[in-house]
Amino acid sequence: MEYATVTANHSAPLAVLFPRATIEFSDSQIPSILKCFRSFVGKERFERRTELADKMIAFASPTYRAQFVRPRQSLWLGTRELLRLVESGNLGREHLTQTAVVSLHYLATIRNVIHTMPSWKKAEFRSRLTDKVGGDIPALVEIMAASRIVTLGGTVKWIPENDRGRSFEMLVSYKGQKLEIECKAKSVDAGRKVARGDFYQFADSLLVSEAVRNLTRADPRYVTLVTSGRFPREHVGQTLVRSSIEALIVNGGVRDLPDGSTLSVEKFTAGEMKNLATAPLLEFEHRLISPELGLSIRSRRPDQMIANIENELKDALKQLTGTLPSALVCHVPEVQSFEGILDPRTATTQLVQRFLSRPDAQQVVSIAFVSDPVIDRRSREVETGLPSVRYVADKYRGSPLGKF
């Protein structure tokens with residue numbers, strides 16, 4: 001869970017260890033962390049937002065609920081779970097769930113930086129964290145970036161929007177130098193040919209079909225769909241794919257679909273299905289494995305996530321003054337590890353080198369890519385951190401600002 005720092009130049013990147021952005025807490029600290037968050041958000045806002053999370057879960061299908069909705073509502077569901085444990089006196093007696101620990105990461109991060117926020121910023125964050133359209137993730141990305149800066153010894157000043165409604169998030173002071181910080185949070189499906197939500201909802205509709213319900217663990221099937229472009233989001237397109245799968249379920253086979261996609265259904269053994277559950281994903285692949293049915297969907301055309309990220313970084317330059325050094329933080333969801341990304345041949349490293357060579361990016365000190373919290377459990381203690389990778393521009397090597 002270490003950050004990796006590389007030097008952006010035209011040679012192979014240099015990987016070195018970088019201080020971890022972690023949050024550590026013990027059971028005894030949880031009540032005070034909860035109290036701080038509830039005071040910050042407000043009781044009524046918290047209850048309304050938690051009720052909304054409950055409704056979203058209640059109306060979701062099983063796989064979509066578990067894989068997509070619950071993770072995105074973990075702040076609210078986990079906080080309520082922690083409150084129950086504290087109020088019932090069972091804190092320390094019951095095992096903390098994944099949702100509760102992820103929520104604790106966010107709550108502890110907020111507590112770490114709340115003292116840096118003027119009243120207008122607190123009000124803004126309260127509104128963004130509790131809105132109905134998913135504004136909590138971008139807000140949390142900014143808060144986590146600020147927490148890391150404070151942990152590393154920097155001083156944070158939050159910057160209000162200017163007359164154009166555009167500005168960078170915060171100004172950092174460190175050892176007499178200033179650094180502008182701009183954060184970008186990609187949506188979970190930005191640039192994907194197979195949207196995660198669509199994938200999980202399609203899987204649920206397939207699992208309840210009669211042909212699939214008749215499958216057994218002793219005679220499972222593995223379904224592979226290679227789309228010609230974007231996986232259909234509309235009901236008609238998904239119904240065509242599902243009907244074609246049902247037609248092949250019994251005997252297996254291969255079929256070309258009218259839109260140019262290729263569908264195959266194979267008979268696998270139980271052992272083969274078990275191996276597929278842990279096998280690395282192919283590029284641009286989305287996969288779900290149950291004992292009876294495996295489902296793999298990928299596109300022949302590459303995802304456009306890199307292009308979307310590059311556009312986000314270009315947009316960030318418009319929010320900077322261009323007169324002070326700056327650092328960009330880009331949240332990329334659902335990444336468990338950035339292992340291997342430092343290879344100069346990867347699209348991400350090439351993107352960074354291309355971006356930092358731009359004439360209008362010469363004041364950019366670093367670009368960090370961060371994902372969602374991961375957990376390290378120990379006896380009565382929990383440590384969380386963010387899978388991350390950070391690139392530092394060659395001209396800022398050795399600068400005190402390079403640590404941010």
Study note, to complete from the structure: In this structure, CD of E124 is separated from CE of M117 (nearest 0.5 Å) by 9.5 Å
Check your understanding: Does R213 come within less than 4.0 Å of E210, counting only side-chain N to carboxylate O?
Key -> no
Practice item. Look up atom CG in L171 and atom OG1 in T155, then write down how far apart they are to the nearest 0.5 Å. Key: 10.0 Å
Revision key, fill the gap. CD of E182 to CE of M170, rounded to nearest 0.5 Å, is 8.5 Å
Exercise for review: State whether the number of non-hydrogen atoms from other residues, nucleotides or ligands found under 6.0 Å of R301 atom CZ is greater than 12.
Suggested key: no
Practice item. May I ask you to check whether over 12 heavy atoms, not counting those of K157, lie within 6.0 Å of atom NZ? Key: no
Check your understanding: Can you tell if the side chain of K184 reaches within under 4.5 Å of the side chain of Q319, non-hydrogen atoms only?
Key -> yes
Check your understanding: Mind checking whether M144 and C183 have side chains closer than 4.5 Å, heavy atoms only?
Key -> no
Check your understanding: Where does the angle between the aromatic ring planes of Y174 and F404 fall among parallel (under 30°), tilted (30 to 60°) and perpendicular (over 60°)?
Key -> perpendicular
**Study point:** Residue pair S264 / V254: nearest heavy atoms and the distance that separates them
**Key:** CB-CG2, 4.0 Å
Review point. Going by heavy atoms in the side chains, are L129 and L140 under 4.5 Å from each other?
Key: yes
Review point. At what distance, to the nearest 0.5 angstrom, does NE2 of H331 lie from CD1 of I309?
Key: 11.0 Å
Exercise for review: Please determine, by modelled atom types, if R65 and Q73 share a side-chain donor-acceptor pair under 3.5 angstrom.
Suggested key: no
Review point. Within 45° of the axis and under 6.0 Å from the centre of the six-membered ring of F40, does NZ or CZ of R126 qualify?
Key: yes
Check your understanding: Is the closest side-chain donor-acceptor distance between T79 and S103 under 3.5 Å?
Key -> yes
Revision key, fill the gap. Separation between CG (L215) and CD1 (I249), nearest 0.5 Å, reads 5.0 Å
Review point. In terms of side-chain heavy atoms, does T323 have a donor or acceptor partner in T321 at a distance below 3.5 Å?
Key: yes
Revision key, fill the gap. Taking every heavy atom of S296 against every heavy atom of E285, the minimum-distance pair comes out as OG-OE2, 2.6 Å
Review point. So do L179 and I149 actually touch side chain to side chain, heavy atoms under 4.5 Å?
Key: no
Review point. For the side chain of T346 and the backbone of D343, is there at least one donor-acceptor N/O pair under 3.5 Å apart?
Key: yes
Check your understanding: Looking at I289 and G294, what are the two nearest heavy atoms and their distance?
Key -> CD1-CA, 3.8 Å
Review point. Salt bridge between E180 and K178, side-chain N to carboxylate O under 4.0 Å?
Key: no
Practice item. Kindly give the heavy-atom pair with the smallest separation between S147 and T109, and that separation in Å. Key: CB-CG2, 3.4 Å
Review point. How about M56 and R72: do any of their side-chain heavy atoms sit closer than 4.5 Å?
Key: no
Review point. Just by modelled atom types, is the P400 backbone N or O under 3.5 Å from a matching donor or acceptor in the K175 side chain?
Key: no
Practice item. Indicate whether the side chain of T97 and that of E81 have a donor and an acceptor atom separated by less than 3.5 Å. Key: yes
Review point. Would you say the side-chain atoms of D315 pair up with the backbone N or O of N311, donor to acceptor, closer than 3.5 Å?
Key: no
Review point. Would a distance-only check, ignoring hydrogens and angles, find a side-chain to backbone donor-acceptor pair under 3.5 Å from S357 to R354?
Key: yes
Exercise for review: Could you tell me whether the side chain of D204 and the main chain of Y64 form a donor-acceptor pair under 3.5 Å?
Suggested key: yes
Check your understanding: Does atom NZ of K35 have more than 12 heavy-atom neighbours from other groups under 6.0 Å away?
Key -> no
Exercise for review: Indicate yes or no for a side-chain donor-acceptor contact from S299 to the backbone of G229 under 3.5 Å, with no hydrogens or angles considered.
Suggested key: yes
Check your understanding: Does the side chain of L207 reach to within under 4.5 Å of the side chain of L295, using non-hydrogen atoms?
Key -> no
Review point. So, do L240 and D259 sit near enough that their side-chain heavy atoms are less than 4.5 Å apart?
Key: no
**Study point:** Side chain R233, main chain A195, donor-acceptor under 3.5 Å
**Key:** no
Exercise for review: Taking R230 for its side chain and R192 for its backbone only, find out whether a donor-acceptor pair lies under 3.5 Å.
Suggested key: yes
Check your understanding: Do the side chain of Q362 and the main chain of R358 share a donor and acceptor less than 3.5 angstrom apart?
Key -> yes
Revision key, fill the gap. When rounded to the nearest 0.5 Å, the distance separating CZ of R255 from OG of S261 is 13.0 Å
Check your understanding: Which class fits the ring pair F268 and Y222: parallel under 30°, tilted 30 to 60°, perpendicular over 60°?
Key -> parallel
Check your understanding: Looking just at side-chain N and O atoms, do R45 and T130 make a donor-acceptor pair shorter than 3.5 Å?
Key -> yes
**Study point:** Donor-acceptor under 3.5 Å (E266 side chain, G252 main chain)
**Key:** no
Practice item. Taking the side chain as every heavy atom from C-beta outward, state whether V212 and E292 have any pair of such atoms under 4.5 Å apart. Key: no
Exercise for review: Report the relative orientation of the aromatic rings in F125 and W158; use parallel for angles under 30°, tilted for 30 to 60°, perpendicular for over 60°.
Suggested key: perpendicular
Study note, to complete from the structure: Looking only at heavy atoms, the pair that brings I181 and F168 closest together is O-CB, 3.5 Å
Practice item. Give me the one residue out of F199, F284, F202 that meets ring-ring contact (aromatic ring centres under 6.0 Å, His included) with F231. Key: F202
Check your understanding: Between F369 and Y391, how do the two ring planes meet: parallel, tilted or perpendicular, split at 30° and 60°?
Key -> perpendicular
Revision key, fill the gap. For S209 and L206, the nearest pair of non-hydrogen atoms, with its separation, is OG-O, 2.8 Å
Review point. Between the side chains of R242 and S205, is a donor N or O closer than 3.5 angstrom to an acceptor N or O?
Key: yes
